[in-house]
Amino acid sequence: MIIQFTAVKNMTCDMENILMWFNNNQMVANPSKIQYMILVMGNNKDSIIIGNNTLKASNTVTLLGITIDKKLTFNEHIGNICKLANNKIKCLARIRNMLDKRQARIIYNTFIL
């Protein structure tokens with residue numbers, strides 16, 4: 001769920017309203033898994049309190065496997081994808097001598113591309 005807040009000081013109240021909405025609609029929110037970031041210039045260290053949890057703003061947020069950074073450059077996300085692909089290529093290189101060309105291509109297409 002992506003929510004845009006109009007003012008930083010209202011975030012705690014807004015989060016309480018969101019959790020109440022979840023509760024009223026028979027849904028369960030897990031405050032320990034909530035992430036947020038503030039997309040403004042400067043170095044904001046604001047935090048919000050949800051129930052017994054205190055959440056601090058982070059520089060990156062992972063949403064559906066995509067890492068979004070504060071400047072919206074996606075550099076960290078691209079770096080993570082490159083590391084993952086590199087690890088898979090290394091694994092394929094280790095077992096390559098046990099596979100024929102067709103099998104290696106299937107593994108490459110399935111796990112790396």
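Side-chain N or O atoms of N25 include one that pairs as donor or acceptor with a backbone N or O of W21 at under 3.5 Å.
Atoms CD1 and NE2, from I66 and H77 in turn, are 5.0 Å apart once rounded to the nearest 0.5 Å. Here the straight-line distance linking atom SG of C82 with atom CD1 of I89 works out to 9.5 Å at 0.5 Å rounding. Here the straight-line distance linking atom CG of N109 with atom CZ of R105 works out to 7.0 Å at 0.5 Å rounding. With values rounded to the nearest 0.5 angstrom, T110 atom OG1 is found 7.5 Å from I107 atom CD1.
Heavy atoms only, all atoms of each residue included: Q103 and M98 are closest at OE1-O, 4.4 Å. Closest non-hydrogen pair, D69 versus N75, comes out as OD2-N, 4.0 Å.
Dense packing is recorded around CZ of R96, with more than 12 heavy atoms of other residues, nucleotides or ligands lying under 6.0 Å away.
At least one side-chain heavy atom of T67 sits under 4.5 Å from a side-chain heavy atom of N80. Between I68 and F74 the shortest side-chain heavy-atom distance falls below 4.5 Å. At least one side-chain heavy atom of M20 sits under 4.5 Å from a side-chain heavy atom of N17.
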Using the rule given for side chain to side chain contact (heavy atoms under 4.5 Å, CB included), can you reason through L92 versus L99, listing the C-alpha separation, both sets of side-chain angles and the distance that settles it, and then say yes or no?
CA-CA 9 Å; L92 180 59; L99 305 171; 4.1 Å; yes
